[in-house]
*Asks:* 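Take this structure first; my questions come after.
What you see is a predicted model; the values in this text were computed from it and never measured.
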Amino acid sequence: SQFSNILNGTTSFTQLNVDNLRMDGNTLSSTNTNGNILITPDGTGRIGVGISSPASKIHVLGTDVASSKIMTQRTSNDGAGAVLTVAKARTASYPLSGDILGGLAARGVDGSGVGAAVETNMVVMQATEDQSATAAGRSLSFYTSANTTTSVVERMEIGQDGVVTITNLSASLPIKT
């Protein structure tokens, strides 16, 4: 039968439709008009969700907040919430002092995905000592760009010791202690 030929690999398809799902080459998409599924592995280890030419390992493209956000949810009866984790490792060891462990960045782009060459607003987590199973000193820094520039400047750092440093502190800025 046709089904047994699929299972033993003797039949191939250029397109396979199952209910409202379509597999066509490297694309898994929905034939339903709601557009909830469009995943396009492009052969380079990249996955596009809502985009056929992903610019990074995972690239999500949407036309509004709901269709372009990434969400992680934890459902449980305790007080803990979901966590998004970014991690850094060297090839065969822990990160070293000064290594960037992860971050969150934002940039403006035009409709084609082309835009600023650098992320101009960032939150950066950095190792402040060589990391190990018993050493995990880290800092958290906030960067922004002034209007009419693309220069990224550190504006505030929370050091490994909890000391907050604000760059270019204005005397009129209220600070709560």
*Asks:* Distance check, rounded to the nearest 0.5 Å: Asp99 atom CG versus Tyr94 atom OH?
*Replies:*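 The distance works out to 14.0 Å.
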*Asks:* With a 3.5 Å distance limit and no angle check, can you tell me whether Ser93 reaches the backbone of Arg90 through a side-chain donor-acceptor pair?
*Replies:*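 Pair absent, no side-chain N/O of Ser93 close to backbone of Arg90.
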*Asks:* Could you pull out all residues at least two apart from Asp130 that satisfy side chain to side chain donor-acceptor pair (under 3.5 Å)?
*Replies:*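 Asp130 satisfies side chain to side chain donor-acceptor pair (under 3.5 Å) with no residue once adjacent residues are dropped.
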*Asks:* Locate the shortest heavy-atom distance separating Lys88 from Pro95; write the atom from each residue and the value.
*Replies:*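 Looks like O-CG, 3.2 Å.
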*Asks:* Can you name the closest pair of heavy atoms from Gly102 and Val86 and give their distance?
*Replies:*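 For Gly102 versus Val86, the nearest heavy atoms are CA-CG2, 3.7 Å.
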*Asks:* Looking at residues at least two apart in the chain, or sitting in another chain, which of them share a side chain to side chain contact (heavy atoms under 4.5 Å, CB included) with Ala92?
*Replies:*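 Partners of Ala92 under the side chain to side chain contact (heavy atoms under 4.5 Å, CB included) test: none.
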*Asks:* Do Leu140 and Leu84 share a hydrophobic cluster (ILVMFWY, side-chain heavy atoms under 4.5 Å, transitive)?
*Replies:*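 Each belongs to a different hydrophobic cluster.
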*Asks:* Count I, L, V, M, F, W, Y as connected when their side-chain heavy atoms are under 4.5 Å apart, and connections chain through other members. Are Val123 and Ile166 then in the same cluster?
*Replies:*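 Same cluster: Val123 reaches Ile166 through Ile, Leu, Val, Met, Phe, Trp or Tyr contacts under 4.5 Å.
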*Asks:* Quick one: list whatever passes side chain to side chain donor-acceptor pair (under 3.5 Å) with Ser141, sequence neighbours left out.
*Replies:*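 Ser141 satisfies side chain to side chain donor-acceptor pair (under 3.5 Å) with Glu154 only.
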*Asks:* Distance from Thr167 atom OG1 to Phe142 atom CZ, nearest 0.5 Å?
*Replies:*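 So the OG1 of Thr167 and the CZ of Phe142 are separated by 12.0 Å.
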*Asks:* Could you pull out all residues at least two apart from Ala80 that satisfy side chain to side chain contact (heavy atoms under 4.5 Å, CB included)?
*Replies:*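 Once residues adjacent in sequence are excluded, the partners of Ala80 under the side chain to side chain contact (heavy atoms under 4.5 Å, CB included) criterion are Arg74, Asp78.
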*Asks:* Please name all residues satisfying side chain to side chain contact (heavy atoms under 4.5 Å, CB included) with Arg138, sequence neighbours left out, ordered by chain then number.
*Replies:*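 Scan of Arg138 (side chain to side chain contact (heavy atoms under 4.5 Å, CB included), adjacent residues dropped) gives Leu101, Gln131, Ala136.
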*Asks:* Just by distance, no angles: are the side chains of Gln126 and Thr128 close enough, under 3.5 Å, to form a donor-acceptor pair?
*Replies:*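 Short answer, no.
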*Asks:* Taking Ser151's backbone N and O only, do any of them form a donor-acceptor pair with Ser145's side chain (distance below 3.5 Å, no angle check)?
*Replies:*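 Yes: the side chain of Ser145 pairs with the backbone of Ser151.
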*Asks:* Look up atom CD1 in Ile100 and atom OG in Ser139, then write down how far apart they are to the nearest 0.5 Å.
*Replies:*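 These two atoms lie 8.5 Å from each other.
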*Asks:* Output all residues satisfying side chain to side chain contact (heavy atoms under 4.5 Å, CB included) with Val163, sequence neighbours left out; order by chain, then residue number.
*Replies:*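 Only Asp161, Thr165 meet the side chain to side chain contact (heavy atoms under 4.5 Å, CB included) criterion with Val163.
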*Asks:* Does Val153 share a hydrophobic cluster with Ile158, counting links as ILVMFWY side-chain heavy atoms below 4.5 Å and allowing steps through other members?
*Replies:*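 Different hydrophobic clusters.
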*Asks:* So do Val164 and Met156 actually touch side chain to side chain, heavy atoms under 4.5 Å?
*Replies:*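 Sidechains of Val164 and Met156: in contact.
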